[in-house]
Amino acid sequence: MMNDIEKYIAKRKQTDSEFAEDFDSGYASFKIGVLLAQARIAAGMTQEDLAHRLNLHISTIDSIENHAEDVGIITLEKYAKALGKKLYVELK
């Protein structure tokens, strides 16, 4: 069963194609950022630790985790490697 927000989003997506497109791409970026932050935390690292390991400013790590729409594949690969992970991209 959908909550009120989910109902609103579903209805809005049906009636506004631009909203639907923007919402889906924005949500995908949001999910990437959350996954990156969760992986960092699971690795026992702070943003500062990761920034040091990648030779980046902490603000760059914060930006990647909170605004992932602008992050490139090479950056994601480096991020994953710094956490002892591998990056996989899947097309469905």
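Positions are given from 1, in the same order as the sequence printed here.
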If you count the non-hydrogen atoms of other residues, nucleotides and ligands that lie under 6.0 Å from CZ in Phe19, is the total more than 12?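 Yes, enclosed.
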Residues clustered with Leu35, ILVMFWY side-chain links under 4.5 angstrom: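 Leu35 clusters with nothing; isolated.
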Pairs touching residues 83-92 that satisfy side chain to side chain donor-acceptor pair (under 3.5 Å), sequence neighbours left out: none
Among residues two or more places apart or on two chains, list those pairs meeting side chain to side chain donor-acceptor pair (under 3.5 Å) that have a residue in residues 52-65.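 Every side chain to side chain donor-acceptor pair (under 3.5 Å) pair that includes a residue of residues 52-65, provided the two are not neighbours, is Arg40-Glu65, Gln47-Glu65, Asp62-Asn66, Glu65-Tyr79.
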I need the minimum non-hydrogen distance between Ile73 and Leu87, along with the two atoms involved.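 Of all heavy-atom pairs spanning Ile73 and Leu87, the closest is O-CD2, 4.0 Å.
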Test: salt bridge (charged side-chain N to carboxylate O under 4.0 Å, His left out). Region: residues 73-82. Which pairs qualify, not counting sequence neighbours?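 Not a single pair qualifies under salt bridge (charged side-chain N to carboxylate O under 4.0 Å, His left out).
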Does Leu76 belong to the same Ile/Leu/Val/Met/Phe/Trp/Tyr cluster as Ile74, with side-chain heavy atoms less than 4.5 Å apart forming each link?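 Result: no, two separate clusters.
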Report, one line per pair, each donor and acceptor closer than 3.5 Å where one atom sits in a side chain of residues 4-11; sequence neighbours left out.
residue, atom, partner, partner atom, Å
Glu6, OE1, Asn3, N, 2.9
Tyr8, OH, Arg12, NH1, 2.8

Do Ile61 and Leu36 have side chains that approach each other closer than 4.5 Å (heavy atoms only, starting at C-beta)? no
Atom pair CD1 (Ile58) and CG (Leu50), whose distance is rounded to the nearest 0.5 Å: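 Rounded to the nearest 0.5 Å, the CD1-CG separation comes to 9.5 Å.
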Partner set under side chain to side chain donor-acceptor pair (under 3.5 Å) for Asp49, not counting sequence neighbours: Thr46
